[in-house]
Amino acid sequence: MARSTVRVLKAVLALLVLGMLVVQLFFLPLLSWEIADDNPELAYLRWPTLIVAMVVVLCAELVVVAIWKLLGMVSRDAIFSEAAFTWVDVIIYATVAATALVAAVFAYYTAVQLNPFALALMEFVLIATGAALALLMLVLRSLLRKATSLQADMAEVI
């Protein structure tokens with residue numbers, strides 16, 4: 001991969017983390033405050049929902065950090081090493097954790113009949129996307145394992 005491509009991707013990832021921090025620190029608290037203010041009967045859900053939303057964004061930030069680290073390994077030609085599996089596992093675990101949290105919120109809101117259609121649809125899309133991403137990362141992890149093994153075999157031959 002060209003170094004310029006890695007630099008551009010790292011710049012995009014840095015902007016993405018900055019955007020997620022703004023969402024975490026300003027947008028989510030403001031949104032939870034406004035929802036609790038507009039719907040006093042739902043005010044008891046403000047803090048649990050805010051915490052879950054912040055943890056889901058934190059999981060997304062962990063995924064971006066892991067991708068950053070993997071890009072660094074690509075630029076150093078060290079991607080086919082055991083250290084890469086740690087960062088791939090971080091992506092898988094963070095994705096599964098975020099998906100499970102969204103699924104729990106979906107289940108709770110549906111059970112207490114507080115899930116308007118638009119929110120339920122967004123939750124469903126997030127769950128499906130998270131599950132697909134986690135499964136894709138599992139497939140890519142197995143491909144990385146095979147490529148790492150093949151590279152080690154080639155190194156022995158040469």
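Just so we're clear, the structure is a prediction, and the values are computed from it rather than from any experiment.
In terms of hydrophobic clustering, with Ile, Leu, Val, Met, Phe, Trp and Tyr side chains grouped at heavy-atom distances under 4.5 Å, L126 and V23 are assigned to different clusters. Criterion: ILVMFWY side-chain heavy atoms under 4.5 Å apart, direct or through other members. Under it, L50 and V105 are not part of a common hydrophobic cluster. Cluster membership for M54 and V64, using ILVMFWY side-chain heavy atoms within less than 4.5 angstrom, is shared. L140 and V74 fall within a single hydrophobic cluster, where Ile, Leu, Val, Met, Phe, Trp and Tyr side chains are chained together by heavy-atom contacts under 4.5 Å. When hydrophobic clusters are built by joining Ile, Leu, Val, Met, Phe, Trp and Tyr residues whose side-chain heavy atoms come closer than 4.5 Å, directly or via intermediates, V57 is not grouped with L30.
The structure places CZ of F124 at 9.5 Å from OG1 of T129, a figure rounded to the nearest 0.5 Å. Atom CD of E34 and atom CG of D37 lie 8.0 Å apart (nearest 0.5 Å). The CD1 atom of I51 sits 10.5 Å away from atom CZ of R46, with the distance rounded to the nearest 0.5 Å. Here the OG1 atom belonging to T110 is positioned 4.0 Å from the CG atom belonging to N115, to the nearest 0.5 angstrom. Rounded to the nearest 0.5 angstrom, I67 CD1 and L9 CG are separated by 7.5 Å. To the nearest 0.5 Å, atom OG of residue S32 and atom CG of residue L42 are 12.5 Å apart.
Contact detail for V96 and A134: the closest heavy-atom pair is CG2-CB, 3.9 Å. Minimum heavy-atom separation, V65 to W87: CG1-CZ3, 4.5 Å. The two residues T95 and T99 make their nearest non-hydrogen contact at O-OG1, 2.7 Å.
Counting heavy atoms from C-beta on, the side chains of Q151 and K146 never come closer than 4.5 Å. Side chains of L138 and L135 form a contact here, defined as non-hydrogen atoms less than 4.5 Å apart. For the pair M73/L70, a side-chain contact is recorded, criterion being any heavy-atom separation below 4.5 Å from C-beta on. Inter-residue side-chain proximity for I92 and V88 is flagged as met; some heavy-atom pair is nearer than 4.5 Å.
Around NZ of K69, the count of heavy atoms belonging to other residues, nucleotides or ligands within 6.0 Å does not exceed 12. Around the CZ atom of F27, the shell of radius 6.0 Å holds no more than 12 heavy atoms that belong to other residues, nucleotides or ligands. Heavy atoms of other residues, nucleotides or ligands lying less than 6.0 angstrom from CZ of F106 number more than 12. Within 6.0 Å of CD in Q113 there are 12 or fewer heavy atoms belonging to other residues, nucleotides or ligands.
Residue V63 is tested with V90, L16, I91, L13 for a side-chain contact (heavy atoms from CB on, under 4.5 Å); the sole match is I91. Among Y108, Y44, Y109, the one residue that satisfies the side chain to side chain donor-acceptor pair (under 3.5 Å) test with T49 is Y109. Tested against L71 for a side-chain contact (heavy atoms from CB on, under 4.5 Å), the candidates R76, R7, K10 yield a single pass: K10.
Within the 3.5 Å criterion, the main-chain N or O of S75 finds a donor-acceptor partner in the side chain of R3.
Cation-pi geometry between R141 and F85 is not met: the NZ or CZ atom fails to fall both under 6.0 Å from the ring centre and inside 45° of the normal.
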